[in-house]
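Following: one structure in structure tokens, then a few remarks.
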Amino acid sequence: MGYDYLIVGCGFAGAVSARCLADRGRKVLIMERRSHIGGNSYDFYNSFDILVHKYGPHYFRTNDKDVWQFLSGFTEWRYCQYVIKSCVDGQLFDFPVNLNTINQFYGTRFSSMEAKEFIEKLRVKIDRPRNSKEQVISIIGENIYNAFFKNYTIKQWGVDPSNLDASVTARIPVRFNKDPRYFESIYQAMPKEGYSKLFENMLDHPDISLMLNTDYHKDKDGINYTKLIYTGCIDEYFDFQFGKLPYRSLRFEFENYEQEYYQEYSQINYPNEYDFTRVVEIKHVTGQKISKTTIVREYPESEGEPYYPIPMMKNEQLYLKYKNEADKLRDTYFIGRLAQYKYLNMDQVVKESIDLINKLE
Ligand code: FAD
Ligand code: UDP
């Protein structure tokens, strides 16, 4: 049987593309090399009956109404606001940095206006920050940079913040009010029955076929299709002909506890101590009511599953060589975090996938 499209990968990029195509009457086959759908957003009930995120906490948020409405076709939501703390010198601070963080850190009782004036004197005046260090010190100064950002970033990325694109730390806002939320997006919610259920519903269409445990590079022979949407690593597609693109990986260490909660917040960051960056107890945001709990510690690693493209000039240049080859191919499209080598959030990937299919069909 022939397919209009072969889609490689069943994360948001692959699954959203598949559904949009199927809704337009196209026959689609998805190949996924893992044993499950959902890509890095996959969640499951562990042996303790806790719904956990296998590949790190996935906090859904977006400002894009189209993305929100599209996904709402496949899930109900549990509205929540994500609150995260950073542990510095044994104390928990609001993070992202806000007025409370500044007052607690400096032992002051500034109003918003006073804090702005104070920080204005401390911040390093750099008009166009060229890297993550400059990005942070130009907004908040060296002290808070050293306490909250420097070592976390070294742990997470394996390089000094002065070697990382400014966009990495620019993900984190600085606020002069007391807003404790991680994000300010209009829509912030978790899929009510989890991400995997959302994916199941999205893929539930007679014109979508799915092959799990199937690697495109090994198993594509004999599959008859007209167009290809590829959401795996772009360097792997081209057999690493220009060299390997670096990715940052993580090791997740889960621990189960016979108590209702382990910590007060869904996430606590540890910038300066330990080899892990953060401890996540996802129950706080999934809202699961159960007397036991599971936490996960995240240990950044240089080898392993490719989770994060590393935003640095030399990597971007290498990526552009691959992109140049990709642009020459007919009927082959590269989309998603790995295929576009971009640090994209779920909603951005959903948006790009919807847009791609609108363009193609
Ligand atoms: P993926 O989810 O990586 O899916 C790609 C799929 O392709 C994978 O399942 C892979 O197995 C498959 N594949 C690759 N190569 C092949 C092949 N050759 N053959 C067959 N299959 C193949 N985003 C947010 O919005 N909020 C968050 O809080 C958030 N937290 C995150 C935390 C962590 C630790 C990580 C790593 C990411 C986080 N993200 C978050 C980002 C989010 O995971 C991505 O935006 C999203 O997963 C991208 O979807 P994707 O389809 O592009 O890639
Ligand atoms: N960051 C930091 N300290 C923190 C949290 C984040 O220095 O306590 C920096 C770090 O470089 C990180 C980046 O900000 O990689 C983006 O943080 P985010 O929480 O968005 O990371 P993600 O959840 O994508 O891993």
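Just the heavy atoms: all of them, side chains too, but no hydrogens, waters or symmetry mates, feed the values below. Ligands are counted one by one from 1 in listed order, and the atoms in each one are counted from 1 as well.
Taking atom 3 (N) of ligand 2 as the reference point, the nearest protein heavy-atom neighbour is Phe148 O, 3.0 Å. Looking from atom 2 (C) of ligand 2 to the surrounding protein, the closest heavy atom is Tyr152 CD2, 3.4 Å. Among all protein heavy atoms, the one lying closest to atom 25 (O) of ligand 2 is Tyr308 OH, 2.6 Å.
Partners of Lys65 under the salt bridge (charged side-chain N to carboxylate O under 4.0 Å, His left out) rule, at least two apart in sequence or in another chain, do not exist in this structure.
Of the N or O atoms in Phe149, one or more lie within a sub-3.5 Å distance of an N or O in ligand 2. The shortest N or O to N or O distance between Pro57 and ligand 1 is below 3.5 Å. At under 3.5 Å, not a single nitrogen or oxygen of Asp347, backbone or side chain, sits near a nitrogen or oxygen of ligand 1. Some N or O of Trp157 is nearer than 3.5 Å to an N or O of ligand 2, by distance alone. Considering both main-chain and side-chain atoms, Arg337 comes within under 3.5 Å of ligand 1 through a nitrogen or oxygen pair. Taking only nitrogen or oxygen atoms, main chain and side chain alike, Tyr59 reaches within less than 3.5 Å of ligand 1. Any N or O atom pair closer than 3.5 Å counts here, and Asn269 shares at least one such pair with ligand 2. Looking at Glu298 next to ligand 1, no N or O pair under 3.5 Å apart turns up. Residue Gly232 has no nitrogen or oxygen atom sitting less than 3.5 Å from a nitrogen or oxygen atom of ligand 1, judged on distance alone. Polar contact check, Leu344 against ligand 1: a nitrogen or oxygen pair lies under 3.5 Å apart. Polar contact with ligand 1: present for Asn40 (N/O pair, distance under 3.5 Å). The shortest N or O to N or O distance between Gly56 and ligand 1 is not under 3.5 Å. The shortest N or O to N or O distance between Tyr343 and ligand 2 is below 3.5 Å.
Between Tyr182 and ligand 2 there is a heavy-atom distance shorter than 4.0 Å. For His53, the closest heavy-atom approach to ligand 1 does not fall below 4.0 Å. At a 4.0 Å cut-off, at least one heavy atom of Thr214 sits close enough to ligand 1 to count as contact. The shell of residues lying under 4.0 angstrom from ligand 2, judged by heavy atoms, excludes Lys150.
Seen from the ring of Phe183, Arg61 counts as a face-on cation partner, given the 6.0 Å and 45° thresholds.
Closest heavy-atom approach to atom 43 (O) of ligand 1 among the candidates Met346, Arg33, His58: His58.
Counting heavy atoms under 4.0 Å from ligand 2, residue His58 does not touch it at all. Contacts with ligand 1 closer than 4.0 Å are made by heavy atoms of both the backbone and the side chain of Asn345. If you look at Gln348 next to ligand 1, there are no close heavy atoms at all, none under 4.0 Å. Heavy atoms of Tyr308 found under 4.0 angstrom from ligand 1 belong exclusively to the side chain. Counting heavy atoms under 4.0 Å from ligand 1, residue Ile335 does not touch it at all. Looking at Glu32 against ligand 1, both its backbone and its side chain come within 4.0 Å, counting heavy atoms.
Tyr106 and Asn143 share a donor-acceptor pair across their side chains, judged by distance under 3.5 Å alone. Counting only N and O atoms by type, the side chains of Gln267 and Tyr265 include no donor and acceptor under 3.5 Å apart.
Taking hydrophobic clusters as Ile, Leu, Val, Met, Phe, Trp and Tyr residues chained together by side-chain heavy-atom distances below 4.5 Å, Tyr79 shares a cluster with Val285.
In this structure, Tyr5 has its ring center no closer than 6.0 Å to that of Tyr3.
Each of the following atoms of ligand 1 lies closer than 4.0 Å to a heavy atom of Leu250: 34 (C).
Remark: of the listed residues Tyr308, Tyr307, Tyr247, Tyr308 is the sole one forming a ring-ring contact (aromatic ring centres under 6.0 Å, His included) with Tyr343.
A salt bridge between Glu260 and Lys289 is absent, with no side-chain N of the basic residue lying under 4.0 Å from a carboxylate O of the acidic one.
From Lys133, atom NZ reaches atom CD of Glu142 across 5.0 Å, with rounding to the nearest 0.5 Å.
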